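Reading through the structure tokens given below for one structure.
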Amino acid sequence: DTAPTATTTAGNGSLSGDYPITPQGGGDNNYEFQFVDGTLTINDLLSQTITFPEVSDIPYGEAVELKATADSGLAVSYEILVDQSTGQGTLQTEVLSATRVGEITIRATQKGNKDYNPAAPVDQTFNVIKRSLKVTAQDTTRPYAEANPEFGWLVGQGDEGTSGEMDSAGVAVGRSG
């Protein structure tokens, strides 16, 4: 058994254009080769590569700046691969805001220009994780032997994030007089 070979009319100094790739030769005791020509396209565009650093897991409601770069210096674009993601987010240029807990896959692309070929896309997958939510019962007092008042709650994330108030009827546990 012998592997087929392929040749082309293009050489190292060939100009931009399309050149035939012609397979030939080879043999096998079990197969009869049917050769189909291919095409070698030479262009004078430069190659480029995307570097997309790992994205750490982020809490729900937070935003992260995506920092992929192309070695050509051209701007990188991003898209959320919805069919590969259980989490959700929104993209504003290079900033992703996490809008639902789960796994998100982001694809970085660079489509090239008159000087550069498109770069191979690069994907990064990370998790949007649950955010802590602190619920604190508001202190209150009542006179002895009277009914308990309604209780209020302070709801916040324990940080500089969103907070609010919520009223709720509560039942005191223990001695009420």
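Residue indices begin at 1 and follow the sequence shown. Since the model is a prediction, treat every value here as computed from it, not as a measurement.
The nearest pair of heavy atoms linking Tyr19 to Ala10 is CG-CB, 3.5 Å. Annotation for Gly27 and Phe33: closest pair N-CE1, 3.4 Å, computed over non-hydrogen atoms. Closest non-hydrogen pair, Pro4 versus Phe35, comes out as CB-CE2, 3.8 Å. In terms of heavy atoms, Ala68 sits closest to Ala108 at CB-CB, 3.9 Å.
Panel note: side chain Asp1, backbone Asn29; a donor-acceptor pair is recorded below 3.5 Å. With hydrogens and angles disregarded, no donor-acceptor distance shorter than 3.5 Å links the side chain of Arg107 to the backbone of Ser77. Using a distance-only test at 3.5 Å, with no hydrogens or angles considered, no donor-acceptor pair links the side chain of Thr109 to the main chain of Pro121. A donor-acceptor contact shorter than 3.5 Å is absent between the side chain of Thr105 and the backbone of Leu81. In terms of modelled atom types and a separation under 3.5 Å, the side chain of Gln110 and the main chain of Ala75 share a donor-acceptor contact. At least one donor-acceptor pair closer than 3.5 Å links the side chain of Asp71 to the backbone N or O of Thr49.
Following chains of ILVMFWY side-chain contacts shorter than 4.5 Å, one cannot reach Val82 starting from Val95, and the two form parts of different hydrophobic clusters. Put simply, Val122 and Leu66 are part of the same group of oily side chains (I, L, V, M, F, W, Y) that touch within less than 4.5 Å, one to the next. Linking Ile, Leu, Val, Met, Phe, Trp and Tyr whenever their side-chain heavy atoms come within less than 4.5 Å leaves Ile129 and Tyr60 in two separate clusters. Linking ILVMFWY side-chain heavy atoms closer than 4.5 Å, directly or via other members, places Val36 and Ile21 in two distinct hydrophobic clusters. A single hydrophobic cluster is seen to contain both Leu91 and Val76, as judged by linkage of ILVMFWY side chains at heavy-atom distances under 4.5 Å, directly or through other members.
Within the 4.5 Å cutoff, side-chain heavy atoms of Thr9 are placed close to those of Pro20. Between Tyr116 and Leu74 the shortest side-chain heavy-atom distance falls below 4.5 Å. Contact of the Thr5 side chain with the Gln24 side chain is registered, since non-hydrogen atoms from C-beta on lie closer than 4.5 Å. Side-chain atoms of Pro59 and Val128, non-hydrogen and from C-beta on, never get closer than 4.5 Å to each other. Between Ile106 and Ile80 there is a side-chain heavy-atom pair separated by less than 4.5 Å.
Atom CG in Asp44 sits 11.0 Å away from atom NZ in Lys114 (nearest 0.5 Å). With values rounded to the nearest 0.5 angstrom, Ser14 atom OG is found 8.0 Å from Leu40 atom CG. Taking CG of Asp115 as the start and CD of Gln48 as the end, the distance is 10.5 Å to the nearest 0.5 Å. Rounding to the nearest 0.5 Å gives a distance of 9.0 Å between CG of Asn127 and CD1 of Ile104. Residue Gln88 holds its CD atom at 11.0 Å from CG of Leu96, rounded to the nearest 0.5 Å. In this structure, the separation between CD on Glu54 and CD on Gln124 is 6.5 Å, given to the nearest 0.5 Å.
Under a cut-off of 6.0 angstrom, the local environment of CG in Asp139 is sparse, with at most 12 non-hydrogen atoms contributed by other residues, nucleotides or ligands.
Residues satisfying the side chain to side chain donor-acceptor pair (under 3.5 Å) test with Thr41, not counting sequence neighbours, are Asp18.
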